[in-house]
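Let me begin by presenting the structure, written as structure tokens, before commenting on it.
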Amino acid sequence: MKKVAIITGASQGIGRQIAITLAEQGIQVIANYNKSEKEAIKLKEQMKEQNIEIDIIKADVTSRNEVKKMIKYVLEKYKKIDILINNAGISEYKMFIDETDEDWNRVINTNLYSAFIVTQEVLPNMIHNKNGCIINISSIWGIVGASLEVLYSISKAGLDAMTKALAKELGPSNIRINSIAPGFIKTKINEKFSEKEIESITQEIPLERIGNTEDIAKCVNWLIEDNYTTGQVISINGGWVI
Ligand code: NAD
């Protein structure tokens, strides 16, 4: 029987590439999206051209109710969930002093609370099956902190702490949880940076290039295949942060 994977925020960017890579490996992919329906449908059609059926499911991962409905749908259809990729996220680029309570709630809810609720909702099935692989997509900024991205850094450090603590709790249930902390990856989230800024970032990276979504998807694939890595924060960043 095929492995079943849920990927949050999978209609574009890193999540989309993870969905494609896993589906091409023969994993049954459930690609979650919230607002970008057009992109999600495009992804489904693109996979169909390769004779691969994926599910696309709309759910705001900051809503406990919508998450519950999504997981119920998946469990009714496939009876199990083997893999969860907590990928949905937003960035926030502002002076800390200007951040509002609304900013805090938006960033922390989208990047951290979402992982709390989606993980909680899939866990009963994983614990029952004594099998599971959870991957949190965090960030180098959760490790070293970023100026003008303090809330983002807090949310990603929180994800890494969740990875480490929960790995200890879930190990006896044979559920592995790891973080992948990307460096600078070319996606929409980085559209705010000019070509010139990206050039100067590239100069700081020992491997002399920014990352692409495949660099992250390959690591996801490896973590799924592996069975002795848990509680780790694996930073895929070209050597930018060592
Ligand atoms: P992206 O903006 O292309 O993708 C983020 C996805 O999350 C989008 O599809 C968005 O619609 C979705 N999303 C946001 N809020 C949601 C919600 N409430 N419910 C469901 N989906 C929601 O950016 P990306 O670069 O592909 O980012 C993916 C993840 O990787 C994010 O968590 C991001 O923080 C992390 N990351 C990215 C980089 C980078 O350089 N691109 C670096 C480090 C970490």
Side-chain angles (χ1 to χ4, degrees), residues 7-22 24 31-36 38-40 42-43 46 61 85-100 103-104 106-108 110-112 114-115 135-160 163 178-223 232-242:
I7 303 147
T8 66
S11 62
Q12 62 181 40
I14 292 172
R16 182 176 197 278
Q17 185 57 50
I18 294 171
I20 294 171
T21 302
L22 299 195
E24 287 176 346
N32 155 260
Y33 68 96
N34 183 25
K35 291 184 180 147
S36 14
K38 245 175 47 197
E39 287 86 349
K42 219 166 109 189
L43 170 65
Q46 185 188 324
V61 292
I85 317 291
N86 286 313
N87 166 78
I90 51 169
S91 67
E92 176 79 10
Y93 207 66
K94 237 186 198 184
M95 294 281 283
F96 180 70
I97 202 126
D98 295 328
E99 300 281 12
T100 63
D103 293 329
W104 170 275
R106 193 177 55 254
V107 176
I108 302 300
T110 309
N111 294 359
L112 187 55
S114 64
I135 299 172
N136 289 328
I137 306 297
S138 58
S139 164
I140 49 169
W141 304 132
I143 303 170
V144 293
S147 165
L148 298 174
E149 293 188 82
V150 176
L151 299 188
Y152 183 80
S153 303
I154 292 169
S155 69
K156 296 301 189 177
L159 271 182
D160 289 346
T163 290
N178 293 285
S179 285
I180 295 178
F184 193 102
I185 311 295
K186 201 173 188 321
T187 66
K188 273 195 181 156
I189 220 171
N190 286 321
E191 269 177 345
K192 57 185 171 287
F193 295 102
S194 67
E195 279 306 312
K196 217 170 154 208
E197 285 168 322
I198 294 180
E199 217 178 280
S200 85
I201 289 169
T202 306
Q203 281 167 14
E204 295 173 14
I205 299 175
L207 288 178
E208 297 182 331
R209 68 169 176 89
I210 61 166
N212 54 51
T213 56
E214 286 87 353
D215 294 321
I216 306 303
K218 272 186 207 161
C219 184
V220 169
N221 217 7
W222 179 81
L223 278 171
Q232 303 304 309
V233 178
I234 302 172
S235 194
I236 309 286
N237 63 51
W240 197 18
V241 165
I242 294 176

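Owing to the predicted nature of the structure, the values given are computational and were not obtained by experimental measurement. Numbers here simply count residues along the sequence, with the first being 1.
The OG atom of Ser91 sits 11.5 Å away from atom CG of Leu148, with the distance rounded to the nearest 0.5 Å. Considering CD1 of Ile242 and CD1 of Ile140, their distance stands at 11.5 Å, rounded to 0.5 Å. Atom-to-atom distance recorded for Ile20:CD1 and Glu214:CD is 8.5 Å, nearest 0.5 angstrom.
Listed for the Asn190 side chain is a donor-acceptor partner under 3.5 Å among the backbone atoms of Ile185. Within the 3.5 Å criterion, the main-chain N or O of Gly13 finds no donor-acceptor partner in the side chain of Thr213. Within the 3.5 Å criterion, the main-chain N or O of Gly9 finds a donor-acceptor partner in the side chain of Asn87. Checked by atom type and distance alone, the side chain of Ser139 pairs as donor or acceptor with a backbone atom of Trp141 at under 3.5 Å. With hydrogens and angles ignored, the 3.5 Å screen pairs a side-chain donor or acceptor of Ser153 with a backbone N or O of Ala146. Of the possible polar contacts, none joining the Asn32 side chain to the Ala10 backbone as a donor-acceptor pair under 3.5 Å is found. Thr8 contributes a side-chain N or O that, together with a main-chain N or O of Ala88, makes up a donor-acceptor pair within less than 3.5 Å. With hydrogens and angles ignored, the 3.5 Å screen pairs no side-chain donor or acceptor of Thr21 with any backbone N or O of Ile18. Panel note: side chain Asn178, backbone Gln232; a donor-acceptor pair is recorded below 3.5 Å.
More than 12 heavy atoms of other residues, nucleotides or ligands sit less than 6.0 Å from atom NZ of Lys94. Counting heavy-atom neighbours within 6.0 Å of Lys35 NZ, excluding the residue itself, gives a total of 12 or less.
Here the closest non-hydrogen pair linking Ile154 and Trp104 is CD1-CZ3, 3.8 Å. Nearest heavy atom pair, residue Ser155 against residue Val107, reads OG-CG1, 4.1 Å. Looking at every heavy atom in both residues, Ala115 comes nearest to Leu159 through CB-CD2, 3.5 Å. Across Arg16 and Ser11, no two heavy atoms sit closer than the pair CD-O, 3.3 Å.
When only modelled atom types and interatomic distance are considered, Glu204 and Trp240 share a side-chain donor-acceptor pair under 3.5 Å. Using modelled atom types, one finds no donor on one side chain facing an acceptor on the other under 3.5 Å when comparing Thr163 with Asp160.
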